[in-house]
Structure formats: C-alpha cells, structure tokens
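The figures that follow rest on heavy atoms only: side chains count, while hydrogens, waters and symmetry mates do not. Values in this document were obtained by computation on a predicted structure and should not be read as measured data.
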Amino acid sequence: MQWLKAVQRLREQRVPGVLVTLTSVRGHSPREAGAKMVVAADASWDSVGGGNLEAVAIERARAMLAEGSTTPQTVECSLSDKAPYQHGVQCCGGEVEMLLEPLPVVPSVAIFGMGHVGLELARVLARHDIELHLVDSRSEQLEPAQLRALDDAVANVHVHRVPVLPELVVGELPTGTHLLVMTHDHAEDAALCDAAIRSSHLATIGLIGSSAKWTRFRTKLADEGHSPEAIARITTPIGLPDLPGKEPATIAVSVAAWLLQVFSREHAPTDTRPEVTQ
C-alpha cells in the first residue's frame with residue numbers, strides 16, 4: 001500500500017497532503033471503488049486511474065492545499081468522450097466519485113519535565129491526534145512503567161532521555177512545536193527558556209510557575225541580552241486563568257484546554273464550499 005506509506009511519510013515530515021479515494025464507480029472505470037492516492041504540493045503517490053480523472057483529482061487536491069482547506073470535498077467525473085475534460089479524453093464510459101480528504105500537519109507539543117504535572121498533562125494530550133515529545137533529565141521519569149498510562153495513546157509519543165543539557169533538544173524539535181517548560185529544577189527551566197527564545201522555529205513557549213519565579217527569570221533573561229520582545233514570547237502562567245487549583249490534574253486540564261484553544265485557532269477551517277462536479 002504505497003499510499004499508506006505516503007501518509008506516514010508526510011506526517012513524519014510535517015508536510016500537508018490530501019488523500020484521494022475513489023468512493024463510487026458507475027459503469028467502466030480504470031480502477032475500482034476504494035482505490036486511493038496521496039497528493040502533496042510537489043508529488044503524488046499511487047493512482048486512482050490515471051488520465052483526466054487523476055489529473056483533475058491532483059489539480060483539485062493542490063488547490064485545497066493552496067487554500068489551506070480542512071474540509072473534505074467530493075469530485076464527480078464522467079469518463080465519456082462527450083463530457084468536458086481538461087487533461088485529455090478518457091472514454092471508459094463510466095462515472096466516478098472521489099472523496100478528497102485533507103491530511104493536515106497535526107500539532108506538535110513538547111513537555112519538558114515529566115513530574116506530577118507533566119505526566120498528568122501527557123495523559124490528557126495523548127488522547128489527541130498530535131506529535132507529543134516528552135523530555136526529562138531524570139531517566140526514571142521516562143521508564144516504560146512510569147509511562148504505562150500512555151500505552152494506548154492516540155498521539156505519536158516521542159521519548160527523549162537527556163541526562164545532560166536537555167535544552168539541546170529544543171533545536172531538534174519540529175518546526176511549529178508548542179514547548180512547555182515544567183521541570184523539577186528552576187535552573188533547568190531558566191536554561192530551557194533561554195534556549196527556546198533563541199529558537200525561531202517554535203510556535204509557543206509556555207512556562208509553569210509563580211509570578212515571583214517569572215520576575216527572576218525575566219531579569220535573568222534580560223541580563224543575558226534578550227530583548228523585551230524576545231522575552232515576551234514566553235507565556236506564563238500557562239493554562240486558563242479562570243480555572244483555579246494547584247492539584248497536578250487540575251493544572252494539567254487547564255494547560256491542555258489552553259493548548260486546545262491554540263490548536264483551534266491554528267487550524268480554523270478556511271474553506272466550507274460544497275462538492276465540486278467535473
């Protein structure tokens with residue numbers, strides 16, 4: 001199944017695509033219902049039948065990618081020499097319908113610090129279709145037994161064991177990652193904040209902690225030469241301001257809800273047009 005490998009490859013490379021499925025066939029068609037192909041901006045994999053049919057599917061899929069569409073669309077195509085065509089005559093004699101489903105780049109989140117709050121947050125976020133990176137300088141916090149609650153995760157979970165200089169992981173994270181700093185060590189938190197605002201590829205940077213902690217961090221970051229604009233990239237406190245509570249599970253729910261709001265804004269639908277007929 002080349003199309004399935006293509007879907008996996010696009011996800012790993014964080015490249016959007018469109019999955020094209022031949023949903024129905026009336027009469028003769030080069031492929032049977034269920035045939036699939038994957039289309040990206042500059043490549044395609046597998047086939048739904050070639051010729052005008054496939055060219056139309058690719059053209060419509062790339063238009064969806066250019067528009068940032070998140071809504072599936074259907075395309076009907078007549079395989080008749082009497083039907084209008086754009087990319088050459090295809091006169092098999094049938095009619096087909098195709099479903100074009102966007103394959104968006106899913107959110108990426110990195111949790112630095114898998115203590116009580118970090119673990120609870122990972123449990124919540126793992127229920128969502130995201131790339132989830134878990135980082136801790138304490139190897140015992142990332143042992144399989146500690147992460148057993150994530151065994152049935154919907155998310156793709158990536159575990160980073162870095163006993164020395166966990167801030168080096170920041171540069172390895174995918175572009176657009178939402179980074180959350182909540183380690184057991186304020187010195188480690190400070191080093192991570194410094195590394196994060198030196199990196200231009202992150203989406204958001206969140207820091208857990210009190211206002212007193214942030215006052216010290218802000219002064220330290222300024223002393224290290226960071227501009228007020230760079231420091232302002234850090235959001236603290238993180239979570240929903242109207243959801244109080246200091247229990248790890250409460251904090252985790254608050255932070256997860258805040259992140260889901262961010263995801264919603266990032267992936268708001270831009271196209272709700274009805275089906276297209278070819």
Checking L119 against L147 for the side chain to side chain contact (heavy atoms under 4.5 Å, CB included) test, could you report, in this order, the C-alpha distance in whole Å, the side-chain angles of both residues, the deciding distance, and whether it holds? CA-CA 8 Å; L119 181 57; L147 303 180; 4.1 Å; yes

Search all heavy atoms of I58 against all heavy atoms of S44 and return the closest pair with its distance. CD1-OG, 4.1 Å

Is any side-chain heavy atom of H186 closer than 4.5 Å to a side-chain heavy atom of E188? no

Would a 4.5 Å heavy-atom cut-off, applied to side chains only, mark M37 and E54 as touching? yes

Sub-3.5 Å donor-acceptor pair from the side chain of T183 to the main-chain atoms of D185, do we have one? yes

Do you reckon V169 sits in the same ILVMFWY cluster as V159, going by side-chain contacts under 4.5 Å, direct or chained? no

Stepwise, does the side chain to side chain contact (heavy atoms under 4.5 Å, CB included) test hold for R198 with H226? CA-CA 9 Å; R198 292 181 189 275; H226 293 292; 3.6 Å; yes

Tell me, please, which residues at least two apart from R127 pass side-chain hydrogen bond (donor to acceptor under 3.5 Å, both in side chains). D152

Measuring only between side-chain heavy atoms, which start at C-beta, is L99 closer than 4.5 Å to P72? yes

Can we say E224 and R218 salt-bridge, meaning some charged N sits less than 4.0 Å from an Asp/Glu carboxylate O? no

To the nearest 0.5 Å, tell me how far S24 OG sits from E76 CD. 7.5 Å

I want to check something: taking the side chain as every heavy atom from C-beta on, are L221 and T219 in contact at a cut-off of under 4.5 Å? no

Could I get the full list of side-chain contact (heavy atoms from CB on, under 4.5 Å) partners for H116, not counting sequence neighbours? P248

Donor-acceptor contacts under 3.5 Å from residues 227-237 side chains, at least two apart:
from, atom 1, to, atom 2, distance (Å)
S227, OG, E229, OE1, 3.4
S227, OG, A230, N, 3.1
R233, NH1, I197, O, 3.2
R233, NH1, S199, O, 3.0
R233, NH2, S199, O, 3.0
T236, OG1, L207, O, 2.9

Across all chains, not counting sequence neighbours, the ring pair (Phe, Tyr, Trp, His ring centres under 6.0 Å) partners of H201 are none

For residues M64 and V75: do they belong to one hydrophobic cluster (side chain heavy atoms under 4.5 Å, members Ile, Leu, Val, Met, Phe, Trp, Tyr)? yes

Centroid separation under 6.0 Å, is that true for the rings of F112 and H133? no

Does a salt bridge link D129 with R11, judged by any charged N lying under 4.0 Å from a carboxylate O? yes

When you look at L180 and V109, which way does the side chain to side chain contact (heavy atoms under 4.5 Å, CB included) test go after all the steps? CA-CA 8 Å; L180 300 169; V109 178; 4.0 Å; yes

Quick check on the hydrophobic clustering: are L192 and L173 connected, directly or via other members, by side-chain heavy-atom contacts under 4.5 Å? yes

Please say yes or no: joined through hydrophobic side-chain contacts below 4.5 Å, possibly via intermediate residues, are I130 and I111 part of one cluster? yes

Using a strict cut-off of less than 4.0 Å between a Lys/Arg side-chain nitrogen and an Asp/Glu carboxylate oxygen, indicate whether R26 and E97 qualify as a salt bridge. no

Quick one: does S47's side chain have a donor or acceptor within less than 3.5 Å of a partner on G49's backbone? yes

If I compare all heavy atoms of P144 with all of R161, which pair ends up nearest, and what's the gap? CD-NH2, 4.2 Å

Correct closest heavy-atom pair for A122 and L150 would be O-CD2, 3.7 Å

Short N-O contact, D194 and K220, less than 4.0 angstrom: no

Residue pair H184 / D136, side-chain donor-acceptor N/O under 3.5 Å: no

Decide yes or no on side chain to side chain contact (heavy atoms under 4.5 Å, CB included) for T250 and E120, but give the supporting numbers first. CA-CA 9 Å; T250 301; E120 291 290 346; over 6 Å; no

N/O donor to acceptor pairs below 3.5 angstrom from side-chain atoms of residues 251-261, sequence neighbours left out:
from, atom 1, to, atom 2, distance (Å)
S254, OG, L240, N, 2.7

Grab the two heavy atoms, one from N52 and one from C77, that are nearest each other, plus how far apart they are. ND2-SG, 3.9 Å

Are L142 and L134 side-chain neighbours, meaning at least one heavy-atom pair lies under 4.5 Å? yes

So, N156 and E131: side-chain donor and acceptor under 3.5 Å apart, yes or no? yes

Which atom of P174 lies closest to which atom of R14, heavy atoms considered: CB-CD, 3.1 Å

Would you mind reporting whether V162 and L168 have side-chain heavy atoms less than 4.5 Å apart? no

Give me the one residue out of V20, L10, L103 that meets side chain to side chain contact (heavy atoms under 4.5 Å, CB included) with V39. V20

With Q13 via side-chain contact (heavy atoms from CB on, under 4.5 Å) - residues at least two apart: R9, V15

Check whether any side-chain heavy atom of V18 lies under 4.5 Å from a side-chain heavy atom of L65, and answer yes or no. yes

Ignoring hydrogens, what is the shortest heavy-atom contact between R62 and A40? Give both atom names and the distance. NE-O, 2.8 Å

Are the side chains of L22 and E32 in touch, meaning some heavy atoms are under 4.5 Å apart? no

Approximate separation, where rounding is to 0.5 Å, of S108 OG and F263 CZ: 8.5 Å

Single-linkage hydrophobic cluster, 4.5 Å side-chain cutoff, M114 and L121 together: yes

